[in-house]
**Q** 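I have a structure here, written as structure tokens, and I will follow up with some questions on it.
What you are looking at is a predicted structure, and each value in this text was computed from that prediction instead of being measured. Sequence lines set the chain letters: A, B, ... in the order given, protein chains first and strands last, and positions in each chain run from 1.
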Amino acid sequence: MDINELLDILEKTYPDAKCELHYTTPFELLIATILSAQCTDVRVNKVTSKLFEKYNTPKDFVELGEERLGNIIKSCGLYKSKSNNIINTSKILLSRYFGQVPQTLEELINLPGVGRKTANVVLSNAYGVDAIAVDTHVFRVSNRIGIISSKNPEDTEFKLMEVIPKKRWSKAHHLFIFHGRRTCKSQNPNCIDCTIKCYCKYFKENRGNFN
DNA sequence: AACTCGGGGCA
DNA sequence: TGCCCAGAGTT
């Protein structure tokens, strides 16, 4: 399979594929990405557009405090633990990083509430680092196409970096997410209208079910 | 690798 | 009600 050909087709299919989280600084992207876990980006944007009107820095968030932050973001799921993590992360950014968001994967994933996925989103979108963030969509789409056969998101990340040219890592992440949300859905994927089905192992194996 | 956590929205 | 959503942390 030619991965570049596949990505070319996805770029034509989803010309607007990009990060849809609302932010203007690395710190804001970090907060928005932490909030986006198990929560739709539409709902996250609703919360952050209000939140970032008044609060933009780690200092602002520490002063805001866990309790009030929890109230503000309660319209987005998981607010208790997320609020706690966001305040603790803000404190660490203040005490260890002069209020800045670090630019290495290792430093980022040591922040509370930040895993590989969130760290890679921040690195690739805010700092222009070549990285692939593996979320549920990227994981599912990669498995269905047949690029990977692992159950481990970290293995998936390394395999994708091996197969996809470095310059396209970040773009591939967004293309797979758009494809996963709009077409290659976890339930009832729309294989008939899929523009890359000729490359897809899942489609080949289930071809009989689509006629 | 396999849980658990967590809340709003929609069927 | 039951299931899903641009995961992380713990066991």
**Q** Between A:Leu29 and A:Val122, which heavy-atom pair has the shortest distance, and what is it?
**A** CD2-CA, 3.9 Å

**Q** So which heavy atom on A:Ala131 is nearest to which on A:Ser124, and how close?
**A** O-CB, 4.1 Å

**Q** Whole-Å distance between C:dG7 C1' and A:Lys82 NZ?
**A** 8 Å

**Q** So, A:Asn84 and A:Ser81: side-chain donor and acceptor under 3.5 Å apart, yes or no?
**A** no

**Q** Looking only at side chains, do A:Thr195 and A:Thr13 share a donor and an acceptor under 3.5 Å apart?
**A** yes

**Q** Which pairs, protein N/O on one side and nucleotides 4-9 of chain B N/O on the other, fall under 3.5 Å?
**A**
unit_1, atom_1, unit_2, atom_2, d
B:dG7, N2, A:Gln38, O, 3.4

**Q** Which value, in whole Å, describes the distance between the P atoms of nucleotides C:dC3 and B:dT4?
**A** 15 Å

**Q** Contact class for A:Gln187 (heavy atom, under 4.0 Å): base, sugar-phosphate, or nothing?
**A** sugar-phosphate

**Q** Rounded to whole angstrom, note down the C1' distance from C:dC5 over to B:dG6.
**A** 12 Å

**Q** Check whether any side-chain N or O of A:Asn85 sits under 4.0 Å from OP1 or OP2 of C:dA8, and answer yes or no.
**A** no

**Q** When the P atoms of C:dA6 and B:dA11 are compared, how many Å lie between them, rounded to an integer?
**A** 16 Å

**Q** Rounded to whole Å, please give me the gap between CZ in A:Arg140 and P in C:dC4.
**A** 11 Å

**Q** Only one of A:Arg182, A:Arg144, A:His179 forms a side chain to side chain contact (heavy atoms under 4.5 Å, CB included) with A:Cys194, so which one is it?
**A** A:His179

**Q** Atom NZ of A:Lys151 to atom P of B:dC3: distance rounded to whole Å?
**A** 14 Å

**Q** How would you label the contact of A:Val44 with the nucleic acid (heavy atoms, under 4.0 Å): base, sugar-phosphate, or nothing?
**A** nothing

**Q** I'd like the C1' distance from C:dC4 over to B:dC5, given in whole Å.
**A** 15 Å

**Q** For C:dG7, take OP1 and OP2 only and decide whether either is under 4.0 Å from a side-chain N or O of A:Thr136.
**A** yes

**Q** Is it the case that atom NZ in A:Lys80 sees more than 12 heavy atoms from other parts of the structure closer than 6.0 Å?
**A** no

**Q** When you match A:Val114 and A:Ile177 each to their closest nucleotide on DNA chain C, which lands nearer the 5' end?
**A** A:Ile177

**Q** Between C:dC5 atom C1' and A:Asn45 atom CG, what is the distance in whole Å?
**A** 14 Å

**Q** Do any of residues 154-174 of chain A sit with a heavy atom less than 4.0 Å from DNA chain B, and if so which?
**A** none

**Q** Is it true that the side chains of A:Ser90 and A:Tyr55 contain a donor and an acceptor less than 3.5 Å apart?
**A** no

**Q** For C:dA8, take OP1 and OP2 only and decide whether either is under 4.0 Å from a side-chain N or O of A:Thr118.
**A** yes

**Q** Using every non-hydrogen atom in the two residues, find where A:Gly180 and A:Arg140 come nearest and quote the distance to one decimal.
**A** O-NH2, 3.0 Å

**Q** Would you call A:Lys159 and A:Glu162 a salt bridge, using N to O less than 4.0 angstrom?
**A** yes

**Q** Give one of base, sugar-phosphate or nothing for A:Pro112, where a contact means two heavy atoms less than 4.0 Å apart.
**A** sugar-phosphate

**Q** Given C:dG7, C:dA6, B:dA1, identify the nucleotide with an atom nearest to the side chain of A:Ala37.
**A** C:dG7

**Q** Taking for each residue the nucleotide of DNA chain C with the nearest heavy atom, is it A:Val42 or A:Leu111 whose nucleotide lies nearer the 5' end?
**A** A:Val42

**Q** Could you give the NE2-to-P distance, from A:His22 to C:dA6, as a whole number of Å?
**A** 18 Å

**Q** Whole Å only: how far is the CG atom of A:Leu21 from the C1' atom of C:dC5?
**A** 13 Å

**Q** Check the distance between C:dA8's C1' and A:Leu108's CG and give it to me in whole angstrom.
**A** 14 Å

**Q** Using 30° and 60° as the class boundaries, would you call the ring planes of A:Phe61 and A:Phe27 parallel, tilted or perpendicular?
**A** perpendicular

**Q** Give the rounded distance in Å between these two atoms: CZ of A:Arg116 and P of C:dG9.
**A** 13 Å

**Q** Can you check whether A:Val44 reaches A:Leu21 side chain to side chain, under 4.5 Å on heavy atoms?
**A** yes

